[in-house]
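Predicted model only: the values in this text are computed from it and were never measured.
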Amino acid sequence: MKSGYVSIVGKPNVGKSTLLNSLLGTKLSIVSTKPQTTRNRILGILTEGEYQCCFLDTPGLIEPDYELQKLMVGKIKLAIRDADLVVWVIDPWFKPPDDTLDFLKSLTRKPIISVINKIDLIPKARLLPIIDIIKGLDVKEIIPVSALTGEGLEILKGIIFNHLPEGPFLYPIEDISDNPERFFVAEFIRERIFEFFRKEVPYATCVVIEEFKEREKGKDYVQAIIYVEKKSQKGILIGKNGEALKKLGAEARREIESFLGRPVFLDLWVKVKEKWRKDKKFLKEIGY
Ligand code: GDP
Ligand code: MG
């Protein structure tokens, strides 16, 4: 048997979370067109035959600015140190100089493979010069894929499986993650916020599950608080006559129900917590 941790790392928006979801065939990690959607390390377990691959999706690599981003970079570092194999994701617009590989090598001596994602967006001929650039770097493999269409993913899986160390499975075969259900519930709400709202609003938002009650009779009860930094943002989230929040709740609930496989009653609240992104104590309390 072979098993191990495989960390998926790279710049924001290159498609790391989409890649994780496609490899697992389950939507586990939220995705948006906006950078810096993923804030936590997310574990996705793929068990196939003799292989168990524990993928760690990570936030995009950035120069941290405020406390929340510092914590995000800390999670990326941990995920790289824990990895038996690092999957470095880039997109076809990759251009040197780029210090990502040096950063990875400063943290791990394990093999690094390079995945060029989003190849569905460029003509095949444009791929060769990119592969040439990567060939000049010290990586074990270069695999072009499209996380969206699935092209190249079987090849990628095979290569990842090959690089896994020998050893017993790390998780029961039926597990797909170790993040708790309430984590995913909060993430699905955050995903809708990234989709519905523009500019700084999604970034000024975090979601905390206050209550999660499984009930024998009737639907599960979930109470979630959406924290924002300013009163004006609260107004935007709630919308005229509460319409925006209602729509957000309805769509998030559908995603949550499809993930949990059971109906839920979602009770959403919006609260202002000034400068929460810089507030170490609060960030700790809410699990970052
Ligand atoms: P992350 O920030 O690296 O986790 O990137 P996401 O997975 O959130 O994806 C960012 C955006 O790129 C989303 O709009 C995705 O739908 C899109 N995307 C991801 N992979 C692909 C791909 O292979 N092809 C195309 N065309 N779009 C992709
Ligand atoms: Mg992501």
Side-chain angles (χ1 to χ4, degrees), residues 1-10 13-33 37-60 79 82-91 113-121 141 143-164 167-192 194-195 251-264:
M1 285 198 276
K2 287 179 130 193
S3 68
Y5 285 98
V6 178
S7 294
I8 303 175
V9 296
N13 231 26
V14 292
K16 298 178 293 301
S17 299
T18 309
L19 182 65
L20 173 78
N21 293 337
S22 302
L23 286 167
L24 293 180
T26 312
K27 172 136 164 238
L28 204 58
S29 196
I30 64 169
V31 168
S32 93
T33 53
T37 311
T38 310
R39 286 181 188 159
N40 267 291
R41 147 266 193 227
I42 293 158
L43 175 74
I45 306 163
L46 178 71
T47 308
E48 262 184 38
E50 283 135 49
Y51 304 100
Q52 184 171 70
C53 193
C54 308
F55 291 104
L56 296 170
D57 185 18
T58 61
D82 283 347
D84 296 297
L85 172 70
V86 176
V87 173
W88 172 35
V89 185
I90 60 171
D91 65 20
I113 65 177
S114 163
V115 166
I116 307 168
N117 188 33
K118 306 199 187 188
I119 57 166
D120 58 295
L121 294 177
E141 316 260 2
I143 310 110
V145 305
S146 167
L148 207 64
T149 67
E151 194 179 348
L153 291 188
E154 282 307 312
I155 297 170
L156 173 61
K157 248 195 228 175
I159 290 172
I160 292 173
F161 287 163
N162 264 336
H163 278 94
L164 289 178
F169 288 174
L170 303 165
Y171 295 89
I173 46 172
E174 65 278 7
D175 284 15
I176 57 160
S177 185
D178 72 345
N179 298 68
E181 275 186 343
R182 59 164 64 211
F183 169 80
F184 292 107
V185 169
E187 287 290 279
F188 287 125
I189 298 168
R190 239 165 38 74
E191 183 179 49
R192 291 302 104 185
F194 268 82
E195 183 182 313
E251 289 207 10
R253 181 176 50 78
R254 267 196 289 276
E255 286 272 340
I256 293 165
E257 288 179 337
S258 119
F259 179 78
L260 296 176
R262 54 182 195 263
V264 297

Look only at the side chain of Glu181 and the backbone of Leu260, and say whether a donor-acceptor pair between them is shorter than 3.5 Å. no

Rounded to the nearest 0.5 Å, the CG atom of Asn21 sits from the CD1 atom of Ile30 at a distance of 10.0 Å

Given side chains that start at C-beta, do those of Leu19 and Leu153 come closer than 4.5 Å, heavy atoms only? yes

Side-chain heavy-atom pair Ile176, Leu24 within 4.5 angstrom cut-off: no

So CG of Asn13 and OG1 of Thr18: to nearest 0.5 Å the spacing works out to 8.5 Å

Got a second to check how far Ile119's CD1 is from Leu148's CG, nearest 0.5 Å? 11.5 Å

Taking only residues at least two apart or on different chains, which pairs with a member in residues 42-60 satisfy salt bridge (Lys or Arg N to Asp or Glu O under 4.0 Å)? Glu48-Lys157

Heavy atoms only: give me the nearest Ser29-Thr38 pair and the separation to one decimal. OG-OG1, 4.4 Å

Check Asp82 against Tyr5 and note the closest heavy-atom contact, atom names and distance. O-CB, 3.7 Å

Drop me the distance from Phe55's CZ to Leu23's CG, to the nearest 0.5 angstrom. 4.5 Å

Which is it for Leu28 and Asn179 under the side-chain contact (heavy atoms from CB on, under 4.5 Å) test, yes or no, and what are the steps along the way? CA-CA 10 Å; Leu28 204 58; Asn179 298 68; over 6 Å; no

How far apart are the closest heavy atoms of Ser7 and Ala79, and which atoms are they? OG-O, 2.5 Å

Hits for ring-ring contact (aromatic ring centres under 6.0 Å, His included) against Phe259, two or more places apart or cross-chain, chain-then-number order -> Phe184, Phe188

My understanding is that only residues two or more places apart in sequence, or in another chain, count here; which of them pass side-chain hydrogen bond (donor to acceptor under 3.5 Å, both in side chains) with Ser3? none

Does the pair Ile256 and Ile189 meet the rule for a side-chain contact (heavy atoms from CB on, under 4.5 Å), with working shown? CA-CA 8 Å; Ile256 293 165; Ile189 298 168; 4.1 Å; yes

Sorted by chain and residue number, the side-chain hydrogen bond (donor to acceptor under 3.5 Å, both in side chains) partners of Asn162 (sequence neighbours excluded) come out as none

Within a strict 4.5 Å, meaning less than it, do heavy atoms of the Lys2 and Phe161 side chains meet? no

Side-chain touch Asp120/Glu151, heavy atoms, less than 4.5 angstrom: no

My understanding is that only residues two or more places apart in sequence, or in another chain, count here; which of them pass side-chain hydrogen bond (donor to acceptor under 3.5 Å, both in side chains) with Lys27? Glu191, Glu255

Taking side-chain contact (heavy atoms from CB on, under 4.5 Å) as the definition, give me every residue that meets it alongside Asp175, ordered by chain and number, with sequence neighbours left out. Ile45, Tyr171, Pro172

Closest approach of Arg41 to Leu56 (non-hydrogen atoms, all atoms of both residues): NE-CD2, 3.6 Å

At their closest point, which heavy atom of Val264 faces which heavy atom of Glu257, and how far apart are they? N-OE2, 2.9 Å

Carefully, step by step, assess Phe183 and Ile42 under the rule side-chain contact (heavy atoms from CB on, under 4.5 Å). CA-CA 10 Å; Phe183 169 80; Ile42 293 158; 3.7 Å; yes

Please tell me if the side chains of Cys53 and Leu164 come closer than 4.5 Å, counting only heavy atoms from C-beta onward. yes

Under the criterion side-chain contact (heavy atoms from CB on, under 4.5 Å), I'd like the reasoning laid out for Asp91 against Asn117: C-alpha separation, chi angles, the key distance, then a yes or no. CA-CA 5 Å; Asp91 65 20; Asn117 188 33; 5.5 Å; no

Near Leu121 CG, under 6.0 Å, is it more than 12 heavy atoms from other residues, nucleotides or ligands? yes

When rounded to the nearest 0.5 angstrom, what distance separates NE2 in His163 from CD in Glu141? 5.0 Å

Counting distance only, does the side-chain N/O of Ser177 pair as donor-acceptor with the main-chain N or O of Leu43 below 3.5 Å? yes

So Thr37 and Ser17, do their side chains get closer than 4.5 Å, heavy atoms only? no

How many angstroms lie between CG in Leu85 and CD1 in Ile113, if you round to the nearest 0.5 Å? 5.0 Å

